[in-house]
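A short worksheet on the structure shown next.
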Amino acid sequence: MAKTTNIPIVLGRLAEAYYKTKDYPKAIETYQKAMAANPTEAAYHNNLGNVYADMGKSEDAAAEFKKAAEMDPARAASYYHTYGAIMYNQGKMDEAVGAFQKAVQVDPAYAEGQFMLGRALMGKLDMDPKTGKIIPAPGTIEALEAYLKLEPAGTHAAEAQSMLQTVQGSVDTSYKKPKKAKS
């Protein structure tokens, strides 16, 4: 009995070893075996999502993170956050924003998720060419303010305040001819 209950754990650790050595096909195969041996373990889906993300298979990764979130609602925000962070680091801002939005929908008090949502939305800023006024993407200010409300002295507080100042200000786009130096 003890031998069969340990099989998913051993398979999960073996899959992790394959993942760390970048043997992605074996990692996928072994995570799938671990899931078959213990179909209720959300962490295997999360880990498989990491494998797919590293392989550039965003849709497969998203499906695994979503499955993990559905299986373990108490950790759903964390699973969506992980996916968002991976997409952010790969420069896929639309996917990152979507994942962070899901994380904070599941847990509005998830400070790190609020901060990362605001940060990802900063990549979608626009500027009015006539006025130089910065136009933040919808939700940017709200996410950064939510982070600061939740973590006013948090590790990202200064960065969040700086981003808020950026989106609430304007940029001077006028050209002023430099003054000639007096000889």
Side-chain angles (χ1 to χ4, degrees), residues 22 24 42 45-181:
K22 299 189 185 312
Y24 299 133
H45 290 279
N46 178 67
N47 296 347
L48 183 55
N50 286 321
V51 174
Y52 285 135
D54 280 6
M55 294 173 70
K57 295 184 174 189
S58 299
E59 289 181 21
D60 292 332
E64 293 301 326
F65 287 115
K66 182 178 179 191
K67 180 74 172 171
E70 290 168 354
M71 291 175 69
D72 187 0
R75 299 207 45 197
S78 174
Y79 295 133
Y80 286 127
H81 180 269
T82 300
Y83 177 59
I86 290 167
M87 293 299 100
Y88 181 89
N89 289 335
Q90 290 180 2
K92 298 178 180 178
M93 290 306 142
D94 289 336
E95 291 93 335
V97 167
F100 293 132
Q101 285 172 332
K102 286 180 182 177
V104 300
Q105 284 170 354
V106 169
D107 183 2
Y110 186 40
E112 184 71 17
Q114 294 284 5
F115 173 74
M116 289 303 296
L117 174 58
R119 181 188 257 181
L121 286 168
M122 288 293 289
K124 299 169 95 38
L125 291 177
D126 203 358
M127 184 172 58
D128 183 326
K130 293 179 184 173
T131 65
K133 183 159 176 58
I134 294 173
I135 304 166
T140 306
I141 293 171
E142 295 82 359
L144 294 170
E145 287 177 344
Y147 171 78
L148 289 169
K149 183 177 179 185
L150 293 165
E151 296 278 337
T155 56
H156 306 294
E159 187 177 354
Q161 289 167 343
S162 176
M163 286 188 280
L164 278 171
Q165 288 172 350
T166 298
V167 298
Q168 293 172 335
S170 63
V171 177
D172 184 5
T173 59
S174 62
Y175 174 75
K176 294 177 185 164
K177 190 173 183 178
K179 295 180 181 178
K180 289 188 177 185

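Worth knowing before you read on, the calculation uses all heavy atoms, side chains too, and leaves out hydrogens, waters and symmetry mates. Heads up: numbering here begins at 1 and tracks the sequence. Keep in mind that this is a model prediction, so the values were computed, not measured.
- The neighbour count for Lys66 NZ, taken as heavy atoms of other residues, nucleotides or ligands under 6.0 Å away, does not exceed 12.
- Taking both residues in full, the closest heavy atoms of Ser58 and Gln90 are given as OG-OE1, 4.5 Å, listed atom of the first, atom of the second, then distance.
- The backbone N or O of Ala68 sits nowhere less than 3.5 Å from a side-chain atom of Asp72 that would complete a donor-acceptor pair.
- The line from CD of Glu145 to CD of Gln161 is 11.0 Å long, rounded to the nearest 0.5 Å.
- The shortest side-chain heavy-atom distance between Val51 and Asp60 does not fall under the 4.5 Å cut-off.
- Screening Tyr110, Tyr88, Phe115 for a ring-ring contact (aromatic ring centres under 6.0 Å, His included) involving His81 leaves a single residue, Tyr110.
- Minimum heavy-atom separation, Ile141 to Pro136: CD1-CG, 4.0 Å.
- Taking CG from Leu117 and CE from Met122, the interatomic distance works out to 12.0 Å, rounded to the nearest 0.5 Å.
- Under the 4.0 Å criterion applied to side-chain N and carboxylate O atoms, Lys124 and Asp94 are assigned as salt-bridge partners.
- Taking each heavy atom of Glu151 and Ala157 in turn, the nearest pair found is O-CB, 4.1 Å.
- Leu125 CG to Thr166 OG1: the interatomic distance, rounded to the nearest 0.5 Å, is 8.0 Å.
- Asp128 contributes atom CG, which lies 9.5 Å from atom NZ of Lys133 (distance to the nearest 0.5 angstrom).
- Summarising the geometry of Ala76 relative to Val106, their closest heavy-atom pair is CB-CG1, 3.8 Å, with the distance given to 0.1 Å.
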Worked check of side-chain hydrogen bond (donor to acceptor under 3.5 Å, both in side chains) between His45 and Glu70
CA-CA 10 Å; His45 290 279; Glu70 290 168 354; over 6 Å; no
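- Nearest heavy-atom pair, Arg119 versus Met163, reported as atom, atom and distance to 0.1 Å: CA-SD, 4.2 Å.
- Rounding to the nearest 0.5 Å gives a distance of 7.0 Å between CG of Asn46 and OG of Ser78.
- Minimum interatomic distance between Phe100 and Gly113 (heavy atoms only, all atoms of both residues): CB-O, 4.2 Å.
- Note: Tyr83 and Phe65 have tilted aromatic rings, judged against thresholds of 30 and 60 degrees for the angle between ring planes.
- Note that CG of Leu144 is 9.0 Å distant from CD of Gln168, once rounded to the nearest 0.5 Å.
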One pair to check against side-chain contact (heavy atoms from CB on, under 4.5 Å): Leu148 and Leu164. What are the steps and the verdict?
CA-CA 10 Å; Leu148 289 169; Leu164 278 171; 3.5 Å; yes
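- Residues His156 and Glu112 form a side-chain contact, since some pair of their non-hydrogen atoms from C-beta on lies under 4.5 Å apart.
- Of the possible polar contacts, none joining the Ser162 side chain to the Ala158 backbone as a donor-acceptor pair under 3.5 Å is found.
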